[in-house]
Trainee: 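Structure below; questions to follow.
What you see below is based on every heavy atom in this structure, not just the backbone, and it leaves out hydrogens, waters and symmetry mates.
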Amino acid sequence: MREKFSLQALVLAAAGVLLALFPVGCRQTPERAAGPGAASASTPRRGGTVVTGWTAEPGGVNSLILPSTQINNEMLFRMFLHLYEEQSDFQVHPATFKPQLAESYDWSPDHKTLTFHLRGDVFWTDGVPVTAEDVRWTWQAQRDPDVAWELADSKDWITDVEVVDPRTVRFHFSRVYAKQFLDANEGPVFPKHAWEKLPFAQWRQNGDWFRQHLVVDGPFTLASWQPQQQIVLQRNERYYEKGLPYLDRVVMRQIPDQSSGLTQLLSGELDFLPQLNFGDAPRVKASPRLELIAYWFNIYVALTWNNERPLFKDPEVRRALTLAIDRQTIVETLLGSYGKVADSPILTSVWAHDPALHPLPYDPAEARCILAAKGWRDTDGDGILDRNGKPFAFELLTNTGNQARTDATVMIQDQLRKAGIRVTPRQVEFNTLATQTIAGKFDAAMMGYTIDTSLDLRSNFHSQSIAEGSNYPRYRNPEMDRLIEVGASQPDLLAERPYLNQIQQIAHRDQPVTFLWESQRLTGVNKRVRNVRPTPTFAFFNLKEWWVEPNG
Amino acid sequence: MLGFLLRRLAASLLLLLLVLTFTFFFLRLIPGDPAHIFEGQRLTLEQQQRLRQIYGLDRPLPLQYLTWISSVAKWDWGTSLSQQRPVSTVLGEAVPATAILAMAALVVEYFLALLLGIASALRRGSALDHGIRIVTLLFFSLPLFWVGLMVVLLFSYVWPVLPASHMHSVDADLMSPAGRLLDLARHLFLPALVMGIGTAGGTARFLRASLIEVMSQDYIRAARAKGLSERRVVWVHGLRNAIVPVIQVFAIQLPVLLSGALIVEVVFSWPGLGQLTFLAISTRDYPLILGAVALSATLVILGNLLADILHALVDPRVRDA
């Protein structure tokens with residue numbers, strides 16, 4: 001029986017390890033320091049830490065050498081200031097701008113020179129003032145070919161950035177157009193004195209260098225960065241808006257698995273999860289400690305037809321395809337009250353959406369009539385339309401990891417089969433989908449399109465954007481090209497509206513893509529965190545104004 | 001012994017070169033090329049071409065390979081396209097986390113394997129043996145990601161006693177060294193358990209078979225006849241001989257552990273090679289994928305080399321062969 005003793009010893013040893021871990025293993029919500037001056041429940045107070053969860057990790061601290069992804073911008077735009085901060089009030093008029101680094105601006109009479117007057121009380125974290133030299137040097141970096149900034153084309157029409165004096169900087173444009181102010185303001189301003197030591201040619205291979213030489217002027221600075229784990233932002237004590245930010249620290253935990261993120265939000269380990277699945281909404285709503293924030297997002301999902309393929313070349317056929325898809329049922333089934341049928345490349349929540357437009361109805365009979373008029377008939381009685389011996393059949397791509405889109409492809413397959421069209425859905429990894437659609441090697445693809453507040457539709461629908469841009473449907477229409485160009489050359493966005501309306505009407509008529517749905521974004525927040533106001537562009541939009549309950 | 005070591009070392013280096021070469025060219029067979037990471041961005045064709053030049057992706061593939069392999073020899077794995085940092089730095093940050101997790105998983109695995117394997121072998125044919133066989137089969141066949149999610153659900157949500165993810169708590173920086181160590185142990189427990197369970201089933205069954213075979217040998221009967229205690233017979237004479245094949249299993253298990261780490265690290269947000277590889281693949285960061293795969297291959301080859309050396313130490317016939 002001696003061997004029993006040895007096995008028992010193994011068990012006992014394991015039990016000892018467990019006892020060492022579990023007594024302290026009771027729920028340990030991270031301790032959040034209470035700042036000075038406890039306040040009432042409705043009054044903002046300083047202090048505390050908020051823990052947020054993200055599926056991705058920022059790529060670095062220099063946005064000029066990083067892709068313009070949400071996670072990069074969420075963090076970096078809290079660390080570096082723009083000249084003006086774009087607001088999210090674009091529902092009834094073009095977005096307004098709030099002074100940030102600059103306190104005012106003025107235009108020259110010919111509208112080709114824009115002068116910004118900088119604040120005098122903004123400093124980098126090392127105590128050096130932010131000046132016009134920083135603005136000019138940032139523009140030089142943005143334009144440098146070796147830096148290869150993703151948004152460098154926003155500076156195409158800026159011929160020079162002139163330093164008038166340390167607090168005055170002047171942008172010179174080669175032409176007048178609607179986005180002049182947006183282009184001048186595109187991208188945060190970076191510290192010349194700290195970063196100019198590394199030649200531009202070496203930037204792309206030395207991402208770490210910028211973190212090692214980091215100074216910021218925004219409300220938060222970087223406290224620590226543990227790769228693949230978490231980034232801790234802490235209050236920048238030199239930030240120019242006195243009293244802000246309220247929070248001491250913001251932790252950005254990286255949680256690649258979305259279901260793990262939800263579990264942690266529910267268990268209280270996380271305070272904030274920017275993006276939830278629609279199916280998770282009831283669980284978040286049911287939690288007494290959580291709040292579900294739903295808001296219209298800046299993405300629409302569309303069926304992208306490859307307009308260069310013979311099957312989808314004819315606008316009438318594309319229109320018939322849209323009529324044969326019951327988008328309302330798809331939206332109600334998959335998104336419930338968090339979505340609506342889309343009808344335009346400009347979202348219905350945006351001021352420039354053409355109110356005269358309405359989604360095409362679900363009308364399979366009309367779809368069959370149009371297709372019959374185009375010669376598509378079921379001549380062999382197999383239930384599939386054919387013409388010249390070829391069946392109406394195509395492959396529909398979508399990316400893996402998005403359940404709503406996957407389910408939608410199956411519903412569309414079923415609906416189009418009833419109209420006599422054979423669809424073969426195929427899921428591919430996201431990068432493969434991007435590669436195939438960019439190269440035009442696809443029949444149809446379900447994709448999400450992001451639209452920013454500049455409402456620049458050139459990238460999606462101008463024929464020049466087929467080779468270089470995001471014209472994935474490979475749509476060509478000289479009238480569309482003309483309207484995009486004339487619209488963009490107007491002196492401001494409001495003046496562009498008539499052209500935007502015409503562009504939307506053409507897109508609605510020609511259906512280069514079938515607009516499927518617009519959806520809301522669902523954000524989960526612990527109720528102890530107050531004044532959280534995410535916008536379609538930034539979950540962290542007003543991070544500096546977040547605060548936590550004293551006993552939260 | 002020295003001759004044996006040199007022979008094995010040379011064979012390992014050759015194998016490593018083959019693996020690196022195969023990995024390099026195999027990755028390029030995937031549709032698209034490394035520069036496609038730039039095409040997903042809003043870069044102009046001119047900018048894309050400039051970046052190809054900067055990262056050396058505009059050169060012919062054989063030249064790229066020669067440049068890469070000669071750089072790797074100098075421990076320069078190139079630059080990560082998604083992070084714009086040396087791949088060696090990025091990998092260097094991830095290796096310790098995977099090493100800690102793998103070691104802890106091995107402890108769990110061998111603890112469970114010894115416990116179940118010995119008990120099962122010594123009670124061969126009993127209800128306990130059948131029960132253990134079912135349990136080990138379950139361990140062996142359950143998908144790791146499912147076990148991981150269930151464990152998180154159970155121990156972090158339903159019965160919240162252990163953290164669901166990450167290597168440290170949010171405020172670990174503010175803890176004392178001892179507190180930080182305990183914090184690490186608490187975070188390590190669930191992923192190590194899941195990873196250990198995943199491999200324990202196979203090892204336990206292997207140990208059971210080996211021990212049953214050893215316990216029927218003449219020298220075991222001789223040991224008993226000499227009047228040695230049963231404990232000494234099992235633990236000294238039986239297990240010592242039965243464990244030799246398990247050492248070889250250990251080497252074979254390294255790839256299993258590394259592939260298990262890929263799943264477990266993602267589920268538990270563990271900052272190791274597995275999660276890094278997952279992220280590199282999802283961003284199509286080819287230099288980083290190449291580095292991670294090559295490093296994993298190197299570890300596996302080193303593991304096999306180590307197992308061979310251990311085997312040779314335990315069994316002199318191997319080094320004389």
Trainee: Considering only heavy atoms, which portion of Asp146(A) lies under 4.5 Å from any heavy atom of chain B: side chain, backbone, both, or neither?
Mentor: both

Trainee: Test your reading of the model: is there a side-chain donor-acceptor pair from Ser156(B) to the backbone of Leu162(B), 3.5 Å cut-off?
Mentor: yes

Trainee: Side chain from CB out, backbone as N, CA, C, O: work out which of these in Ser224(A) comes under 4.5 Å of a heavy atom of chain B, or both, or neither.
Mentor: side chain

Trainee: Return the option, out of Pro271(B), Ala97(B), Pro86(B), with the maximum number of heavy-atom pairs under 4.5 Å with chain A.
Mentor: Pro271(B)

Trainee: I would like to know whether Arg123(B) and Asp129(B) meet salt bridge (charged side-chain N to carboxylate O under 4.0 Å, His left out); could you show each step before the answer?
Mentor: CA-CA 6 Å; Arg123(B) 302 278 186 281; Asp129(B) 183 27; over 6 Å; no

Trainee: Please flag which part of Glu429(A) lies under 4.5 Å from any non-hydrogen atom of chain B: side chain, backbone, both or neither.
Mentor: side chain

Trainee: Might you work through the side-chain contact (heavy atoms from CB on, under 4.5 Å) test for Gln234(A) and Asp248(A), ending with a clear yes or no?
Mentor: CA-CA 6 Å; Gln234(A) 69 180 20; Asp248(A) 287 337; over 6 Å; no

Trainee: Is there a donor-acceptor contact under 3.5 Å from the side chain of Ser267(A) to the main chain of Gln264(A)?
Mentor: yes

Trainee: For the residue pair Asp285(B) and Ser82(B), confirm or rule out a side-chain donor-acceptor distance under 3.5 Å.
Mentor: yes

Trainee: Report the relative orientation of the aromatic rings in Trp54(A) and Phe272(A); use parallel for angles under 30°, tilted for 30 to 60°, perpendicular for over 60°.
Mentor: tilted

Trainee: Which answer fits Glu93(B), side chain, backbone, both or neither, if we ask what part of it has an atom under 4.5 Å from a heavy atom of chain A?
Mentor: side chain

Trainee: Please classify the contact between Thr89(B) and chain A as side chain, backbone, both or neither, with a heavy-atom cut-off of under 4.5 Å.
Mentor: side chain

Trainee: Would you confirm whether Thr437(A), through its side chain, and Leu433(A), through its main-chain N or O, come within 3.5 Å as a donor-acceptor pair?
Mentor: yes

Trainee: Can you tell me which of Phe278(B), Tyr55(B), Phe145(B) forms the most heavy-atom pairs within a distance under 4.5 Å of chain A?
Mentor: Tyr55(B)

Trainee: For Thr263(A), which atoms come within 4.5 Å of any heavy atom of chain B: side chain, backbone, both, or neither?
Mentor: both

Trainee: Please check this pair: side chain of Lys155(A) against backbone of Glu186(A), looking for a donor-acceptor N/O pair closer than 3.5 Å.
Mentor: yes

Trainee: Name the region of Gln436(A), side chain, backbone, both or neither, that has any atom closer than 4.5 Å to a heavy atom of chain B.
Mentor: neither

Trainee: Determine whether a donor-acceptor pair (N or O, by modelled atom type, separation under 3.5 Å) exists between the side chain of Tyr286(B) and the backbone of Ile281(B).
Mentor: no

Trainee: Contact part of Asp153(A) toward chain B, heavy-atom cut-off under 4.5 Å: side chain, backbone, both or neither?
Mentor: side chain

Trainee: Which one, His168(B), Gln53(B), Glu46(B), leads in non-hydrogen pairs under 4.5 Å with chain A?
Mentor: His168(B)

Trainee: Given that the side chain runs from C-beta out, which part of Ser269(B) has a heavy atom under 4.5 Å from chain A: side chain, backbone, both or neither?
Mentor: both

Trainee: I need the residue from Gly59(A), Pro58(A), Pro256(A) with the largest number of non-hydrogen atom pairs under 4.5 Å to chain B.
Mentor: Pro256(A)

Trainee: Heavy-atom pairs under 4.5 Å with chain A: which of Val152(B), Leu153(B), Val107(B), Leu279(B) has the most?
Mentor: Leu279(B)

